[in-house]
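The structure under discussion appears below in the form of structure tokens.
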Amino acid sequence: MGCAALLWGWLLLICSWGLGPPGVGAAPLSAATYVLDDLDGLGREFDGIGAISGGGATSRLLVNYQEPYRSQILDYLFKPNFGASLHILKVEIGGDGQSTDGTEPSHMHYENDENYFRGYEWWLMKEAKKRNPKIKLIGLPWTFPGWVGRGENWPYDYPDVTAYYVVSWILGAKQYHDLDIDYIGIWNERAFSSKYIKVLRQSLDRLGLTNIGIIAADGDWNVSKEMIVDPYLNDAVEVVGAHYPGTKTVPNALLTKKKLWSSEDYSTFNDEVGAGCWARILNQNYVNGNMTSTIAWNLVASYYEELPFGRCGLMTAQEPWSGHYKVEAPIWITAHTTQFTQPGWSYLQVDGHLEGGGSFVALTDGRGNLTIIIETMTHNHSQCIRPPLPHFSVKPQRATFYLKGSFYMVEALQVWHSRLGFESGNSSLFQQLDPVKVWKGSFSLDLDIDEVYTLTTLKTGQKCCCPEPPPSQPFPSSYKDDFNIRNPPFSEAPNFADQTGVFEYFVNASDPGDHVFTLRQVVVQRPITWVSDADQTISLIGNFKWVNMTVTCDIFIEKQRDGGVFIAGRVDNGGIYVRRTKGVFFWVFADGTYRVTGDLAGEEILMKGLSGVRDNAWHTLTLNIQGTSASGLLNGYPLWENVTVSKPSNGWAAIGTRSFEFAQFDNFHIEAS
């Protein structure tokens, strides 16, 4: 073999290792070079990657997990260098209204009422802080208690009242939980009021809360149009936050000179396509849109899966009764960025588009550390739930990076790699590979499609794992709750998922003894809604696949004359669709009548008559559904029977009230199959 042929053979071999000069050799890879340099300054400051609990009730079932499983889930989400290692936690400021998958309780149900221990967001923020004291906290309302609007379904007519309500939540977080809120929002995905934003800023400043930044307006980019012509509004806003921006910003947002965030994004089923969506937008929100933070809805899918947007969380934890949970692929896609960057790092000034499709970002701490994140997600494997994704193509390619400026002396980079296995079904997630040697300031990588690489000077990354959780189990077919708990850890009973209204533990001090501890519906005025809440209140529980069931519950109507309550089975809907809920509903009313209906609205009447039920007295209701027949008992005696029911064929059990009214429930019991 001649010298030329021998040299050519060696070049081929070197190129097959991904180490040689780009474009040489037999492999038909497109090749391109990219320069990473900090000599001419840096790009925008990185603000972190986060996720949302709420909007709504998305963490509802998480709190019911037993240890050690609950702490394991929290570790995967928040513990640094463990799993997702999130930089930001955004929570809903509960407003007693339906906000996607349920209602979250307000700290002020009524104007003269304050309670900073309702719900589970306080607990969740403390657990996040316990694991990562540096995590940033954001609060945002989806709904507001009705009193804030003074009778109108609108929070801006009395901006001082709304600001007082929101600032009370911030002060309560500090006073009762020692939580410092970093950012506050306006009204999720609804109209903003420039006047209210300025009033809120003044209210915060007056109390010395100048360090709390306002994010506006958690919808589209339109607030920026007003900011550039209103200097007072521009001064009041620290972050322009848009939702589902499709990785694109608008010129007016750039003109504000403010931080730009994708303050809600993702919202996609957490399989490999969801992971591909997340990988693509984590990079491209900055590459295409100059957005320095991306926040996922939602943090953890801890709500009944058949509710809207089931499993649209970074991981899944929807079975507290079994302890089963699943660390989904988006957790490890998150780790590619979060474990190797921190808020306060800066992006390098690079274009970020790979010539063969895909993208990269490069960040530095300004002290010599460098992290590069590369993604090559293909179109069909990275579609998010919204907005529609224009077609693009990605192909295998060779990328050569030249490190200049303060990075020229870097000799090696740690490598973490994920490949989403759509065809094989076997994904390789967040695996540490051998370090890449940097030779004379450059290195090359052969990139396949649907991959994520992190190359970094940091050696702190870890793929931690807990012991395998228990296997998945359906909701228990025999379930009881007498609500007899003197000091409950949370304000809501386990597994009940409120869909309109709020059902809380209640101490009935006037009761002679049988019903001292009950569950009470406490919202008595329609909230300022985010979606179309029902006109009735309802809380779901159980297994959506249940067909035959017997539901028994003691009930206590508090509202005289026109008060009413129900128990129900085969309930087929909730969340943002709660108004269209069907099922078998057994109602009793304070006027001594009863009804059986096929819907929550009470319009499809299957049976009606007299019951003798009265307000302010305890009664026991029993609903029995077997096949196509339903019957009902009052205080153990048959009240109605042989009602034909055909649809829905399956669904949850539920309790609720005729209107926004006080009512109590006790000794809930279900036997189902």
Side-chain angles (χ1 to χ4, degrees), residues 56-61 63-64 94-106 109 118-120 143 302-304 306-308 318 320-321 475 479-483 488 490-506 517-524 526-527 533-544 546 549 551-558 564-579 581-587 599-601 621 623 651-670 672:
T58 54
S59 304
R60 176 68 194 91
L61 298 175
V63 298
N64 307 149
D96 295 339
Q98 172 63 245
S99 51
T100 300
D101 289 297
T103 65
E104 297 204 21
S106 172
H109 291 317
R118 294 188 183 120
Y120 35 85
T143 70
S302 283
Y303 46 99
Y304 292 114
E306 295 83 2
L307 287 168
Q318 58 192 21
W321 47 87
F475 192 96
Y479 186 83
K480 295 180 180 180
D481 196 337
D482 61 11
F483 312 116
F490 297 97
S491 59
E492 299 158 296
N495 303 318
F496 280 92
D498 304 346
Q499 301 301 311
T500 297
V502 171
F503 295 73
E504 294 180 349
Y505 283 118
F506 181 65
F517 299 103
T518 66
L519 193 68
R520 191 187 198 204
Q521 200 295 118
V522 296
V523 178
V524 295
R526 187 175 181 83
D533 294 38
D535 298 320
Q536 306 76 22
T537 74
I538 179 171
S539 188
L540 308 173
I541 190 169
N543 184 344
F544 184 76
W546 280 341
M549 65 188 81
V551 183
T552 301
C553 191
D554 298 341
I555 60 92
F556 187 90
I557 300 170
E558 296 189 47
V565 303
F566 69 80
I567 62 173
R570 293 189 185 172
V571 176
D572 74 341
N573 240 319
I576 56 177
Y577 308 118
V578 66
R579 284 187 76 86
T581 298
K582 307 287 186 184
V584 182
F585 292 80
F586 176 15
W587 308 77
D599 60 343
L600 175 62
L621 303 184
L623 171 64
W652 295 288
I655 57 175
T657 64
R658 180 186 205 172
S659 65
F660 289 97
E661 61 186 272
F662 287 124
Q664 293 177 58
F665 303 84
D666 204 359
N667 298 317
F668 179 85
H669 180 197
I670 189 159

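When a residue number appears, it is its place in the shown sequence, counting from 1. Scope of the values below: all heavy atoms of this structure, side chains included, with no hydrogens, waters or symmetry mates.
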Passes side chain to side chain contact (heavy atoms under 4.5 Å, CB included), Arg520 versus Phe556? Steps please. CA-CA 9 Å; Arg520 191 187 198 204; Phe556 187 90; over 6 Å; no

Sequence neighbours excluded, the answer for salt bridge (charged side-chain N to carboxylate O under 4.0 Å, His left out) partners of Arg118 is Asp113, Glu504

Report yes or no: does [X] contribute a side-chain atom to a donor-acceptor pair with the main-chain N or O of [Y] at less than 3.5 Å?
X      : Y      : result
Thr537 : Phe660 : no
Gln318 : Ser302 : no
Gln536 : Ala534 : no
Thr552 : His669 : no

Nearest 0.5 angstrom please: [X] [atom1] to [Y] [atom2], how far?
X      : Y      : atom1 : atom2 : value
Arg60  : Phe496 : CZ    : CZ    : 9.5 Å
Asn64  : Ser59  : CG    : OG    : 11.5 Å
Arg658 : Ile557 : CZ    : CD1   : 9.0 Å
Asp572 : Leu600 : CG    : CG    : 10.0 Å
Phe586 : Ile655 : CZ    : CD1   : 15.0 Å
Thr143 : Asp96  : OG1   : CG    : 6.5 Å

Do [X] and [Y] touch side chain to side chain, with heavy atoms closer than 4.5 Å?
X      : Y      : answer
Ile541 : Asp481 : no
Ile538 : Val571 : yes
Leu307 : Trp652 : yes
Arg579 : Asp535 : yes

Sorted by chain and residue number, the side-chain contact (heavy atoms from CB on, under 4.5 Å) partners of Asn573 (sequence neighbours excluded) come out as Tyr577, Arg580, Thr581

Per side-chain hydrogen bond (donor to acceptor under 3.5 Å, both in side chains), Asn495 is matched among Tyr304, Trp321, Tyr479 by Tyr479

Considering non-hydrogen atoms only, spot the tightest contact between [X] and [Y] and give its length.
X      : Y      : value
Pro105 : Glu492 : CD-OE2, 3.9 Å
Ala57  : Ser99  : N-OG, 4.5 Å
Gly656 : Phe503 : CA-CZ, 3.9 Å
Gly574 : Leu540 : CA-CD1, 4.4 Å
Gly97  : Asp533 : CA-OD2, 3.4 Å
Ala653 : Phe668 : CB-CZ, 4.3 Å

- Give the C-alpha distance, both sets of side-chain angles, the deciding distance and a yes or no for side chain to side chain contact (heavy atoms under 4.5 Å, CB included) between Gln664 and Glu558. CA-CA 8 Å; Gln664 293 177 58; Glu558 296 189 47; 3.2 Å; yes

Residues in side-chain hydrogen bond (donor to acceptor under 3.5 Å, both in side chains) with [X], at least two apart?
X      : result
Tyr505 : none
Gln499 : Gln98
Thr100 : none

Test side chain to side chain contact (heavy atoms under 4.5 Å, CB included) applied to Leu621 and Cys553, step by step: CA-CA 6 Å; Leu621 303 184; Cys553 191; 5.7 Å; no

For a side chain to side chain contact (heavy atoms under 4.5 Å, CB included) check, start with the C-alpha distance between Tyr303 and Thr58, then their side-chain angles and the critical distance, and finish with the verdict. CA-CA 6 Å; Tyr303 46 99; Thr58 54; 3.9 Å; yes

For Trp546 and Phe475, what are the C-alpha separation, side-chain angles and deciding distance, and is it a ring-ring contact (aromatic ring centres under 6.0 Å, His included)? CA-CA 10 Å; Trp546 280 341; Phe475 192 96; 5.7 Å; yes

Contacts of Phe585 meeting ring pair (Phe, Tyr, Trp, His ring centres under 6.0 Å) (sequence neighbours excluded), chain-then-number -> Phe566

